[in-house]
Each structure stands twice: as structure tokens, then as C-alpha cells.
Protein chains: 4
Amino acid sequence: MVSFNRVIVAGNLTRDPELRFTGGGVPVCSFGLAVNRVRSKNEEVDFFDVSAWRELGETIANYKKKGDPILVEGRLQYRSWEAQDGSKRSKVDIVADNVQFLGGRGDGEGGGQSGGQSGGRRQSGGRRDDVDLNEEDFDDIPF
Amino acid sequence: MVSFNRVIVAGNLTRDPELRFTGGGVPVCSFGLAVNRVRSKNEEVDFFDVSAWRELGETIANYKKKGDPILVEGRLQYRSWEAQDGSKRSKVDIVADNVQFLGGRGDGEGGGQSGGQSGGRRQSGGRRDDVDLNEEDFDDIPF
Amino acid sequence: MVSFNRVIVAGNLTRDPELRFTGGGVPVCSFGLAVNRVRSKNEEVDFFDVSAWRELGETIANYKKKGDPILVEGRLQYRSWEAQDGSKRSKVDIVADNVQFLGGRGDGEGGGQSGGQSGGRRQSGGRRDDVDLNEEDFDDIPF
Amino acid sequence: MVSFNRVIVAGNLTRDPELRFTGGGVPVCSFGLAVNRVRSKNEEVDFFDVSAWRELGETIANYKKKGDPILVEGRLQYRSWEAQDGSKRSKVDIVADNVQFLGGRGDGEGGGQSGGQSGGRRQSGGRRDDVDLNEEDFDDIPF
DNA sequence: TTTT
DNA sequence: TTTT
């Protein structure tokens with residue numbers, strides 16, 4: 001059964017990153033990303049929601065803010081739920097497992113990569129495997 | 001201004017591809033893609049909508065059907081609209097610019113790649129530049 | 001300082017995978033990959049050398065053989081050395097961190113993904129961090 | 001027959017880009033790219049050779065210089081030849097089909113994307129299809 | 001042959 | 001809900 005899922009996007013944060021924690025204490029960072037469409041005469045933009053877990057999420061929350069350019073490598077995630085009116089809703093967003101800070105002025109600030117699997121500290125109550133972390137781990141709906 | 005947008009996913013068609021035409025006669029093929037989450041104990045699946053334009057779309061419509069495995073390279077596309085009840089809605093899907101047919105039995109059938117930029121015939125009324133093609137080109141809402 | 005390195009290639013093994021071990025007992029699997037050039041009239045082929053470490057390498061060595069189709073996600077690696085005649089030589093190859101087995105006949109055999117970071121057992125004498133593993137860990141030159 | 005070949009790398013030019021022309025007058029730009037290995041304690045670097053054809057190559061030659069940061073999307077290319085001493089030699093490099101200029105200081109300079117398939121002017125004697133362009137088109141060996 |  |  002074939003299965004592959006890889007996304008690489010670069011753009012600018014549409015808002016300051018928000019850091020939250022699952023019930024088990026695992027950090028997750030959320031932010032919006034604006035990616036301008038290239039060779040589009042009408043200035044179109046694609047907007048995506050991105051989440052980053054654990055140390056990667058903490059790094060982004062600590063160093064990035066609205067407007068900053070960033071490159072995100074990750075996977076596409078589909079989620080569905082039932083709306084208040086009973087209708088079916090769904091959403092596709094990006095789960096980062098690697099980011100690259102862009103936009104350093106001159107040679108200085110800005111650059112630097114932050115990988116998701118580079119060990120990093122584990123929150124005491126944290127689960128070991130990202131792929132099983134989802135909305136059930138949150139006290140309330142996180143998206 | 002930094003800008004990059006690349007997606008590579010492989011999975012199986014969730015339905016037969018549907019081929020439609022813009023008002024200007026440009027073919028566009030739509031299909032659903034199911035990508036099984038790897039290393040997920042609970043058999044999770046991500047579902048995406050994919051569209052493919054012009055000759056690439058025609059090739060997919062001609063050769064692929066529900067259940068077939070496929071690899072899609074493309075870009076993520078964001079679209080927003082106002083729902084009937086006046087609420088704001090949005091959607092992220094994939095625009096293919098290259099696909100690879102997978103799943104040949106033995107060494108034989110199945111394989112074969114179809115690129116989007118390989119010339120291909122142009123519908124007489126077609127526009128030249130994909131990036132400007134959008135819902136306005138359709139007689140009615142296509143998604 | 002910007003830094004990004006990602007490769008995704010699919011093709012067929014040009015030889016049976018070879019499994020070796022570093023001095024510290026870390027498994028490393030090597031194989032050749034043939035990727036046919038698409039839309040090339042003259043049947044051109046690109047040939048690459050690929051290595052896969054630890055459990056990922058063992059899985060490939062156990063399940064794949066010459067001719068099998070495979071998708072490899074990894075990074076490009078540059079290495080240089082001095083030839084016997086004193087001249088400078090260098091080589092670019094691929095280090096896999098994820099593979100997808102392709103080519104199942106029908107729906108059955110073949111498929112299945114093997115990630116590099118999925119824990120996996122550690123050889124007792126193994127080092128913890130791939131990025132520091134290199135030719136010095138080998139008893140003799142492995143490439 | 002499965003076939004896929006995609007590379008995305010970001011780093012700094014190791015030398016000024018060099019613009020040459022095939023016998024048929026098609027521009028081709030060559031440059032070196034240094035990609036620093038992330039999470040490597042010993043400051044390792046991967047060095048790659050990149051070529052870019054036609055308008056994309058001209059744009060790089062016109063705007064980029066040694067040291068500049070750049071993101072390159074393309075494909076891996078294998079080439080082999082016989083050395084003067086009769087021995088077999090080969091090389092793997094990158095053919096760009098899209099680049100993203102990085103490293104704007106502040107919000108200003110630097111950014112901007114240059115795609116390979118965006119029409120662009122054709123040199124009068126140029127051939128239409130990159131995939132058939134190769135060393136035979138050159139007056140002398142270009143690599 | 002090498003960049004920050 | 002939106003960035004440069």
C-alpha cells in the first residue's frame with residue numbers, strides 16, 4: 001500500500017505563533033503562513049495553518065513573529081469534525097517536522113534551522129510518538 | 001519576498017476522476033486522494049482533493065480510476081468563498097503539475113509519468129497560463 | 001545561514017542491497033538506483049548511489065533486491081578523498097531517511113513504508129546520531 | 001515503470017555564476033552551491049554543482065554572485081565519461097528548474113522567484129526541449 | 001575549486 | 001483571520 005506525504009512551503013507568518021499544551025503537557029505551536037503565488041498577476045496568496053510539536057514548536061514560538069519569513073517542511077494533515085449545526089466539516093493543514101528560519105538581514109540574524117527529531121527535551125507527561133497526538137489530547141478543541 | 005510551494009503525495013484515488021471544462025474549454029480533472037498515515041496504530045487516513053489541468057488532467061481521466069495508486073507532485077492551493085448562510089468558508093487542495101502512475105502488476109502495466117508542462121495540445125479557446133485560471137473561468141462553481 | 005537539503009527519487013535497484021557494519025556495529029545498507037528520465041527520447045537513465053542506516057538499512061537489505069522499484073526520500077551527500085594517484089576525487093550520493101516500497105502486484109505485495117526515525121533497535125555499540133557517522137567509522141573505505 | 005526525480009536544496013553560491021551558450025545559442029548557467037550540514041558538530045558542508053538553462057540561467061547570472069543564498073528546486077542528473085587515462089568517470093549534479101532568491105536584507109532586496117517554464121524569450125537558434133539538451137550541444141565540454 |  |  002503506497003503512502004507518501006511531503007510538503008515544503010516558504011512564506012511569511014500571518015500572525016504571532018501561539019504556543020499551547022496538550023493535556024499531557026506536550027507543547028504545540030500554531031501559526032498561519034502566507035505564501036504569495038508566483039507569476040500571478042493578481043497578487044494572489046495561499047494561506048495555510050501550520051502546527052509544530054515539542055521542541056520545534058517551542059523554538060518557533062520563541063523566535064518568530066508575525067511577518068517573519070520561514071521555510072516549513074512537513075506533512076499534510078486532514079481532519080474532519082461535525083459542526084454545531086450538524087454539518088460535516090473538514091480541514092487540511094500542515095504539520096511541520098522541520099523549519100528553516102529565513103530572512104536574516106545581511107549575514108546576521110534570521111538564519112538557522114530547527115529540526116523536529118533532534119532529541120530535544122520531553123515534557124514529563126509527553127507521549128513518545130507525534131503521529132498519535134491529536135485533538136483528543138487537548139483539553140478543548142485546538143483548531 | 002520569499003515564496004515556495006511544493007507538495008508530493010502518494011496514495012489511492014477515492015473516486016473515479018471527473019473531467020470538466022472551463023467556459024473557455026480548458027480541461028480540468030478532479031479526484032480525491034487517500035493517503036494512509038504511516039506508523040499510525042489507528043489506521044488513520046488523510047484525504048485530499050486534487051485537480052489537474054489540460055493534458056495532464058485528460059491523461060489522468062483517461063487512465064486512472066477509483067482505487068488506483070498514484071504519486072502527485074504539485075502545489076497547495078487555498079480558496080475561500082462565502083457559504084449560502086453568509087459564513088466565510090475556505091479550503092486547501094492540491095493542484096497537480098506532474099503525476100506518476102504507480103501500481104503496475106509485475107513489471108508491466110501501471111507505471112508511466114505524465115508531466116504538466118510537456119507542451120500538449122491547447123484547447124482552441126484555452127488560456128495560456130494556468131496560474132490565472134480559477135473559478136471565474138467556470139460556468140458554475142467547480143468545487 | 002540558510003540550509004536545506006531534500007531529495008525524493010523513485011526508480012529501480014541496480015543491484016542487490018549490500019549490508020555492512022561500521023566499526024561500532026552500526027548497520028549501513030548500500031544500493032544503486034536507476035531513475036529513467038521522463039520525456040527523454042533517447043532512453044536516458046540517471047544512476048545514483050544510496051545508503052541507508054540502522055533499521056531502515058536492515059529493512060531494505062531484508063526485503064529488496066535488484067530490479068525492485070522503490071521511492072527514496074533523503075538528503076544529498078558530498079564526499080571527497082584523494083585517489084591513489086594523488087588526485088582529488090569527489091562524489092555525490094543520497095542518504096535515505098525514509099523509503100517507500102513500490103511495485104506491489106495487484107493490491108498485494110510490495111507496498112509498505114519504512115521510516116528512519118522510528119526508534120528501531122540500536123546496535124549495542126552504535127552511535128546515537130547519524131549525522132556524525134561517516135567513513136571514519138568504517139574499518140575500510142566503504143564507497 | 002516508476003520514475004521520479006526531485007531535489008530541493010538551499011545554500012550559498014561558492015563562486016560567481018558562469019553563463020555559457022550551447023552551439024545552438026542556448027544559455028546555460030553554472031554555479032557551485034554550499035549547503036551546510038545541520039546538526040553536525042564538525043561544521044561539515046555539502047558541495048554541489050548546479051546548472052540552469054535559458055531564461056532561468058540568465059536571471060541567476062544577472063542577479064546572483066558568490067556567497068549569495070539561494071533555494072534551488074530541480075532534478076538530479078547523472079553523467080559519465082571516459083577520462084584521459086581511459087578510466088570511467090561519473091558525476092552527479094543538479095539541474096535547476098526553479099530557484100528562489102533568499103537573503104534579502106530587511107524587507108528589501110533579495111527575494112524573488114524565477115521559474116524555468118515561464119515562457120521567457122527563446123534564443124533564435126535554441127532548441128525547444130531542455131530534456132534533450134546535453135553536452136553534445138556544446139562546442140566543448142562544459143563540465 | 002569551495003559558501004555563511 | 002491574514003504575510004511581504
Side-chain angles (χ1 to χ4, degrees), chain A residues 9-18 30-38 40 43-50 64-72 91 93 100-113 143, chain B residues 1-5 78-82 87-92, chain C residues 1-5 78-82 87-92, chain D residues 9-18 30-38 40 43-50 64-72 91 93 100-113 143:
Chain A
V9 286
N12 301 275
L13 300 214
T14 59
R15 54 183 195 266
D16 288 337
E18 182 185 12
S30 306
F31 58 93
L33 191 72
V35 179
N36 296 277
R37 260 181 226 175
V38 148
S40 162
E43 303 264 329
E44 288 164 302
V45 188
D46 294 296
F47 294 103
F48 308 119
D49 284 318
V50 185
K64 295 287 105 180
K65 61 178 195 312
K66 181 174 176 175
D68 286 349
I70 196 171
L71 183 146
V72 173
K91 184 183 201 306
D93 53 26
Q100 170 76 38
F101 295 165
L102 303 171
R105 4 221 139 307
D107 62 347
E109 188 265 327
Q113 187 173 43
F143 59 93
Chain B
M1 184 206 59
V2 61
S3 177
F4 191 76
N5 187 335
Y78 167 90
R79 291 187 290 185
S80 65
W81 68 98
E82 195 163 306
S87 66
K88 246 336 197 39
R89 302 290 298 276
S90 71
K91 184 184 201 305
V92 168
Chain C
M1 184 207 58
V2 62
S3 176
F4 191 76
N5 188 334
Y78 167 90
R79 291 186 289 185
S80 64
W81 68 97
E82 194 163 308
S87 66
K88 235 3 190 25
R89 303 289 299 275
S90 70
K91 185 183 200 305
V92 168
Chain D
V9 287
N12 301 275
L13 302 213
T14 59
R15 55 182 195 268
D16 288 337
E18 181 186 12
S30 306
F31 58 93
L33 190 71
V35 179
N36 296 279
R37 259 181 228 176
V38 148
S40 162
E43 303 264 329
E44 289 163 303
V45 188
D46 295 296
F47 295 103
F48 307 118
D49 285 318
V50 185
K64 295 287 105 178
K65 61 178 197 310
K66 182 175 177 174
D68 286 349
I70 196 171
L71 183 147
V72 173
K91 184 183 201 305
D93 52 27
Q100 170 76 39
F101 296 166
L102 304 171
R105 4 222 141 306
D107 61 348
E109 188 265 327
Q113 188 174 41
F143 60 94

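Bear in mind the structure is a predicted one, so any value in this text is a computation, not a measurement. In the text below, chain A, chain B and the rest are named by the order of the sequence lines, each starting its count at 1.
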Inset, instruction - Could you check whether G11(A) gets within reach of a base, just the sugar-phosphate, or nothing at all, counting any heavy atom under 4.0 Å? - result: nothing

Inset, instruction - Look at the side chain of D68(A) against the base of dT3(F) and say whether a donor-acceptor pair falls under 3.5 Å; ignore hydrogens and angles. - result: no

Legend entry - Pi stacking test for F47(A) and dT2(F): under 5.5 Å apart, planes under 30°: yes

Inset, instruction - Starting from P on dT1(E), measure out to CZ on R89(C) and report it in whole angstrom. - result: 13 Å

Inset, instruction - May I ask you to say what V35(D) touches in the nucleic acid, namely base, sugar-phosphate or nothing, with a heavy-atom cut-off under 4.0 Å? - result: nothing

Inset, instruction - Just compare dT1(F), dT4(E), dT1(E) and give me whichever is closest to any side-chain atom of R15(A). - result: dT1(F)

Legend entry - Below 4.0 Å: OP1/OP2 of dT2(E) and any side-chain N or O of K66(D): no

Legend entry - Under-3.5 Å donor-acceptor pair between N12(A) side chain and dT2(F) base: no

Legend entry - Polar side-chain atom of S3(B) near backbone of N36(A) as donor-acceptor pair, under 3.5 Å: yes

Inset, instruction - Calculate the interatomic distance between F101(A) atom CZ and dT4(F) atom P; express it in whole Å. - result: 17 Å

Legend entry - Nearest-Å distance for atom pair NZ/C1', residues K65(D) and dT2(E): 16 Å

Inset, instruction - State which of dT2(E), dT1(F), dT3(E) makes the closest approach to the side chain of Y78(C). - result: dT2(E)

Inset, instruction - State plainly whether the residues K91(A) and D49(A) are in salt-bridge range, i.e. N to O under 4.0 Å. - result: yes

Legend entry - Salt-bridge contact D16(D)-K64(D) (side-chain N to carboxylate O under 4.0 Å): no

Inset, instruction - Using a heavy-atom cut-off of under 4.0 Å over every strand shown, decide if G32(A) touches base, sugar-phosphate, or nothing. - result: nothing

Inset, instruction - Evaluate the side-chain proximity of L71(A) to F4(C): yes if any heavy-atom separation is below 4.5 Å, no if none is. - result: yes

Legend entry - Of the listed nucleotides dT4(F), dT1(F), dT3(E), the one nearest the side chain of A34(D): dT3(E)

Inset, instruction - Rounded off to whole Å, could you give me the CG-to-C1' distance for the L13(A) and dT1(F) pair? - result: 14 Å

Inset, instruction - Look at all strands and tell whether D49(A) reaches a base, only sugar-phosphate, or nothing, counting heavy atoms closer than 4.0 Å. - result: base

